[in-house]
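Read the structure below first, then the notes.
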Amino acid sequence: MKTRTQTEFERNIRQGLSDHPKHLHSKFIYNKEGDALFQQIMQLPEYYLTRAEFDILEQNKTEICQHFYAKDGFDLIELGAGDGQKTKLILQELVDKKMAFNYLPIDISQNVLYDLKKNIEKEIPEVPVQCQQGSYFDVLKDLANYNKRKKVIIVLGSNIGNLLHDEAIDFLQQIQQSMGEFDMLFMGFDQKKHPQKIVNAYNDGQGVTEAFNKNLLKRINNEFDANFNLDDFMHWESYDPETGTARSFLISKKDQQVSIEQLDMKVEFHKWETIHTEISQKYDDHVVNWLAERSDLKIDTHFTDSEERYKNYVFKTS
Ligand SMILES: C[S@@+](CC[C@H](N)C(=O)[O-])C[C@H]1O[C@@H](n2cnc3c(N)ncnc32)[C@H](O)[C@@H]1O
C-alpha cells in the first residue's frame with residue numbers, strides 16, 4: 001500500500017508536469033539519496049546558511065535555552081528536523097543544564113528520522129526522542145494536542161524559505177493556533193544579502209545542488225517507472241533581489257518526450273522548457289515582522305551572527 005507521502009508525490013507529479021510552466025515540490029527531493037545530498041550541500045563552502053546558524057546557536061545556546069525553560073519541563077517539537085546536527089548543540093545544552101524535556105522531531109523523510117534517532121540515542125542518550133514522519137501541514141493539526149506543558153516549536157535551516165509568502169503565513173498561522181500563552185516558536189530566517197552570495201549558495205561548483213534537484217527526476221524514474229535521462233536536463237538558479245526569492249529550475253536541453261509508466265503519462269518537453277523545483281526565500285526584519293503580524297505572532301527577541309547573514313527569531317503569541 002502507498003504511504004500518504006507517495007500519494008501526495010503522485011498527485012504533485014500529475015499536476016506539476018501537466019501545468020504550464022511545469023513544477024515539482026522540493027519536499028519530495030528528500031529520500032535516502034536526497035538526504036545524503038543535502039548533508040553534502042551543508043558542507044559546501046558556498047552554502048553559508050548552516051555555518052551561520054551553527055555559529056548563532058553555539059554562541060547563544062545558554063540564552064536560547066533559558067527562553068525554552070519551564071519549571072514543569074517542556075515538549076521540544078522540531079519541524080523539518082533533517083539530520084539535527086545543529087539541534088544537537090541545543091539538546092546537549094539542555095541536558096547539561098538538567099532541563100526536563102522530550103524531543104519530538106518531525107520530517108517528511110522517514111530515512112532522516114531513523115538516522116537522527118539512532119544518532120541521538122548514541123551521542124546524547126539522556127534525550128527522550130519520539131519521531132513523527134509527515135509533511136508540516138499534516139502534522140500541524142496534531143500540535144495542539146501537546147498542551148499538558150510548555151511547547152517549544154523550533155524550525156531551523158530557514159525551512160520556511162521553501163514556502164511562498166501566502167503558504168508561509170498559513171504555516172505560521174497554524175503554528176500560532178496550536179500555541180498557548182507560554183508556548184514559543186524559535187525559527188531561523190536566512191537574510192537578504194549580496195545577490196551573488198545567494199546565487200552561489202544554490203549553484204555550487206561541484207554540481208551537488210544540481211544532483212540534489214535532479215533527485216526529483218531520479219525518484220520519478222525509480223518509484224514510477226519513468227525514463228528521464230538526467231543528462232538531458234540542466235540545473236539553473238536565479239535570485240530576484242526585489243522580492244528576495246531564489247528559484248531553482250531544471251531545464252530541458254532538447255525537445256523530448258518522457259514516459260512515466262506507472263502513472264500512464266507521457267510528458268512533452270520543448271527545448272529550454274523549465275521545471276520549477278524549489279524556492280529559497282530571503283528575508284529582512286521588515287518582512288519577518290509583516291509575516292508575524294499576519295499570523296498573530298509577536299517577535300520577542302532575535303539572535304544573529306556577526307555579519308547578520310542569518311537570524312533566529314523567538315516568537316510568542318500576541
Ligand atoms: C533544508 S533541510 C533543513 C534540515 C534541518 N532543519 C537543518 O537546519 O539542517 C529541510 C528538511 O525539512 C524536511 N522537509 C522539507 N519539506 C518538508 C515538509 N513540507 N514537511 C516536513 N518536512 C519537510 C526535509 O526532509 C529536510 O530534512
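Order of appearance sets the numbers: ligands from 1, and atoms from 1 within every ligand. Both backbone and side-chain heavy atoms feed into the values below; hydrogens, waters and symmetry mates do not. Predicted model, so just to flag it, every value in this text is computed and none were measured.
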Quiz item: Would you say F38 and ligand 1 have an N/O pair spaced under 3.5 Å apart?
Solution: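 Looking only at distances, the answer is no, because the N/O contact criterion of under 3.5 Å is not met.
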Self-check item: Contact check: Y136 vs ligand 1, nitrogen or oxygen atoms, below 3.5 angstrom
Solution: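 Looking only at distances, the answer is yes, because the N/O contact criterion of under 3.5 Å is met.
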Check ligand 1 against [X] and write out every atom of the ligand that is under 4.0 Å from a heavy-atom position of the residue.
{"X": "A81", "result": "5 (C), 6 (N)"}
{"X": "L156", "result": "6 (N), 8 (O)"}
{"X": "G157", "result": "8 (O)"}
{"X": "G80", "result": "4 (C), 5 (C), 6 (N), 11 (C), 12 (O), 13 (C)"}
{"X": "K86", "result": "7 (C), 8 (O), 9 (O)"}
{"X": "M42", "result": "9 (O)"}
{"X": "K27", "result": "16 (N), 17 (C), 19 (N)"}

Quiz item: Does the pair Y48 and K193 meet the rule for a side-chain hydrogen bond (donor to acceptor under 3.5 Å, both in side chains), with working shown?
Solution: CA-CA 12 Å; Y48 60 84; K193 54 184 63 66; 3.1 Å; yes
Quiz item: With backbone taken as N, CA, C and O and side chain as the heavy atoms from C-beta onward, which portion of I108 lies under 4.0 Å from ligand 1: side chain, backbone, both, or neither?
Solution: both
Quiz item: Where does Y30 meet ligand 1, judged by heavy-atom distances below 4.0 Å: at the side chain, the backbone, both, or neither?
Solution: side chain
Quiz item: Taking the non-hydrogen atoms of G134, is any one of them nearer than 4.0 angstrom to ligand 1?
Solution: yes
Quiz item: Do any heavy atoms of N162 fall under 4.0 Å from ligand 1?
Solution: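 N162 does not count as a contact of ligand 1 under the 4.0 Å cut-off.
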Taking NZ, NE, NH1 and NH2 as the nitrogens, is one of them in [X] or [Y] under 4.0 Å from a carboxylate oxygen of the other?
{"X": "K311", "Y": "D285", "value": "yes"}
{"X": "D75", "Y": "R149", "value": "yes"}
{"X": "K282", "Y": "D190", "value": "yes"}

Exercise. Check whether NZ of the Lys or CZ of the Arg K22 lies under 6.0 Å from the centre of the six-membered ring of F269 and within 45 degrees of that ring's axis.
Key: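 So K22 does make the cation-pi contact.
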Quiz item: Above 12 or not: heavy atoms from other molecules or residues under 6.0 Å from CZ of R294?
Solution: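 Counting neighbours around CZ of R294, 12 or fewer heavy atoms of other residues, nucleotides or ligands fall under 6.0 Å, so no.
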Quiz prompt | Sole residue of T5, T3, D107 in side chain to side chain donor-acceptor pair (under 3.5 Å) with Q133 | solution = T5
Quiz item: To which protein heavy atom is atom 3 (C) of ligand 1 closest, and what is the distance rounded to 0.1 Å?
Solution: N159 OD1, 3.2 Å
Quiz prompt | Heavy-atom nearest neighbour in the protein, as seen from atom 27 (O) of ligand 1, with distance rounded to 0.1 Å | solution =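 Residue, atom and distance for the closest contact: D107 OD2, 2.7 Å.
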Quiz item: What's the spacing between Q39 CD and F212 CZ if we round to 0.5 Å?
Solution: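 The CZ atom of F212 is 10.5 Å from CD of Q39, to the nearest 0.5 Å.
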Exercise. For E53 and G157, indicate whether the former's side chain and the latter's backbone hold a donor-acceptor pair under 3.5 Å.
Key: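 Flag set: sc E53 to bb G157 pair under 3.5 Å.
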Quiz item: Should the pair H276 and F249 be assigned to parallel (<30°), tilted (30 to 60°) or perpendicular (>60°) ring geometry?
Solution: tilted
